[in-house]
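For this chain, numbers begin at 1 and follow the sequence in order.
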Amino acid sequence: MQKIRILGNNSLQLKGKIKISGAKNAVLPSIAASLLTEEKIRLKNIPLVKDVFTTLTLMKELGAEYNIKKKLLSIQVKTIRSYEASYELVRAMRASILVLGPLLARYGKAVVSLPGGCAIGSRPIDLHIHGLEKLGASITLEHGYIKAEAKNLQGTEIKFEKKTVGGTENLIMAASLTKGETILKNCSLEPEVSSLCELLAKMGAKIEGIGEETLCIKGVKELGGATHEIIPDRIEAGTYLIAGALTRGNIVLTHTQPKQLSTIIEKLKFSGAKIENINSHSLRIIGSQEIKPQDITTSPYPGFPTDMQAQFTVLMTQAEGTSIITETIFDRRFSHVNELLRLGANIEVSGDKSIVKGKTLLSGAETIATDLRASASLVLAGLIANGETIINDIEHLNRGYEKIEEKLESLGAHIERFRE
Ligand code: UD1
């Protein structure tokens, strides 16, 4: 089992410059989109993280050929070999569900395992299924698998009952190859959704309203190859901004898009940090000696991202006063709290809220990571916890953070990965 050891201290100040990687949540749907054409898709700036390799394993099973040179992925699905995403792969990475829409639209058939339980609460996929059914797919659930078939999909109007990033992406991909016009309402506004639309447009899709809640997609008969650059990972950038604020550091982030971080930046500024744009893709954070408490409520983009909730909680353990963190996207997304308590934090969970009382001096301890962002929060806490923090089971961290130890070490942290 891989573990991480951090030698932290309360007076650590991280300093230096780091490059933000491509967005995990943008590359996964872009890879799935390659199922929509027999031509080659080239994706630049891909992050070399485990979720990408899990997706590529699935794509290979489906019939894709690919190679990666540095950070350029070339992928092509000339002929399909299988229509099935197995339980093993979907369980390892829920985003595997993103092959459902493209498989159905291009081949009229898909078999995808139901994701099942997940460390951050129940994560249904009913909205994906209802949307595809409205396009004319017939979908049954058998033996834990979604079996979807469609002879002739037909465009129609679909309104998502609630915002769903993956659901929006699945439907956009399916609608791109669906006869007629599909109007999607209440679509997610996350930059990763717009990035997927831009890739599809380069492939020949006819999508109007990119970046808006209503999308109008005129289906085409076939899509072609394209080259697309993956946008920067705003959650990775946000995590390093918190590292800067937490350690009263001075960190420059390059290869990022400050605009996509505006809600996080605003909250960090309210908490006392100074953040300045160096140019349109770089920014600097200077942490404050005194961190002010902040209440946050997670919500869909452009609101405060649920994927930053655990990390922000760690920052609030160092604020003088009480902060209320409200999680509205996922239920049970507080698995980091029990681990932070072991480091000495004072946090109480009540329903969809965690109430953080600060400031508490953290001390290193052995912890266990339970999901991707919870793992990142433990790394952050370990940086300022006095003494040694061990994080067990860091497989989750590998899913979404590229070279996190190297990046933090270059800023002055003492962090290493080891096996036991
Ligand atoms: C994506 C992100 C994930 C992020 C999440 C919310 C990827 C690969 N993952 O996940 O990092 O935390 O957005 O920003 O992009 N829901 C339903 N029925 C559905 C689909 C979703 O009820 O059919 C609910 C979910 O349970 C959740 C909410 O809608 O409560 C939002 O989920 P969704 O936006 O779909 O998240 P993902 O696409 O899985």
Side-chain angles (χ1 to χ4, degrees), residues 3-6 8 10 12 14 24 49 118-121 233-247 249 251 264 267-268 271 273 285 287 291 293-294 296 298 304-319 323-327 329-330 332-349 352-386 389-401 404-405 407-408 411 413 415 417:
K3 301 181 176 195
I4 275 189
R5 177 187 290 119
I6 302 171
N10 185 30
L12 173 73
L14 295 181
K24 168 182 91 68
V49 294
C118 167
I120 57 173
D233 196 313
R234 62 198 165 90
I235 305 301
E236 189 200 19
T239 303
Y240 287 111
L241 285 177
I242 299 232
L246 194 61
T247 63
I251 303 179
I264 300 166
K267 278 290 171 191
L268 284 170
S271 78
I285 179 160
I291 301 171
Q294 291 299 310
I296 58 158
T298 63
F304 193 93
T306 174
D307 286 351
M308 285 299 301
Q309 184 252 111
Q311 302 90 312
F312 201 83
T313 302
V314 175
L315 180 64
M316 290 301 99
T317 67
Q318 301 308 299
S323 308
I324 298 174
I325 314 282
T326 308
E327 172 58 54
I329 307 290
F330 293 113
R332 302 206 305 270
R333 198 172 197 179
F334 290 118
S335 65
H336 50 285
V337 169
N338 278 339
E339 301 305 305
L340 294 175
L341 294 181
R342 304 196 66 251
L343 300 181
N346 180 351
I347 310 174
E348 222 174 89
V349 173
D352 63 353
K353 296 186 184 354
S354 74
I355 296 131
V356 188
K357 292 193 177 133
K359 169 183 183 175
T360 44
L361 194 64
L362 303 185
S363 65
E366 189 151 352
T367 60
I368 184 150
T370 44
D371 75 58
L372 172 57
R373 307 305 169 185
S375 322
S377 77
L378 294 180
V379 170
L380 291 171
L383 295 173
I384 52 148
N386 285 325
T389 294
I390 305 278
I391 308 173
N392 288 297
D393 216 355
I394 57 139
E395 281 303 297
H396 298 287
L397 195 62
N398 299 342
R399 287 187 41 211
Y401 287 90
I404 188 165
E405 311 95 275
K407 289 185 184 182
L408 285 172
L411 298 173
I415 174 168
R417 184 179 294 244

Once rounded to the nearest 0.5 Å, what's the spacing between atom CG of L246 and atom CD1 of I285? 10.0 Å
Any sub-3.5 Å donor-acceptor pair from N10's side-chain atoms to N386's backbone N or O? no
Test salt bridge (Lys or Arg N to Asp or Glu O under 4.0 Å) applied to E348 - qualifying residues, sequence neighbours left out: none
Under the criterion side-chain contact (heavy atoms from CB on, under 4.5 Å), which of V356, L268, L380 is the partner of L315? L268
Are the side chains of M308 and I296 in contact, using a 4.5 Å heavy-atom criterion? no
Q311, K407, R373 screened by side-chain hydrogen bond (donor to acceptor under 3.5 Å, both in side chains) with T239, the one that passes: Q311
Test S271 against Q294 for side-chain hydrogen bond (donor to acceptor under 3.5 Å, both in side chains), laying out the working first. CA-CA 6 Å; S271 78; Q294 291 299 310; 5.9 Å; no
Residues E327, R333: salt bridge by 4.0 Å N-O rule: no
With R5, which residues qualify under salt bridge (Lys or Arg N to Asp or Glu O under 4.0 Å), at least two apart? E388, E416
Which distance, rounded to the nearest 0.5 Å, do you find between the CG of D371 and the CZ of R399? 8.0 Å
Keeping the roles fixed (side chain from E339, backbone from I368), state whether a donor-acceptor pair exists under 3.5 Å. yes
For a 4.5 angstrom cut-off between non-hydrogen side-chain atoms, does S377 reach T313? no
Between the CG atom in L378 and the CD1 atom in I4, the distance rounded to the nearest 0.5 Å is 10.0 Å
According to salt bridge (Lys or Arg N to Asp or Glu O under 4.0 Å), who are the partners of K357, at least two apart in sequence or on a separate chain? none
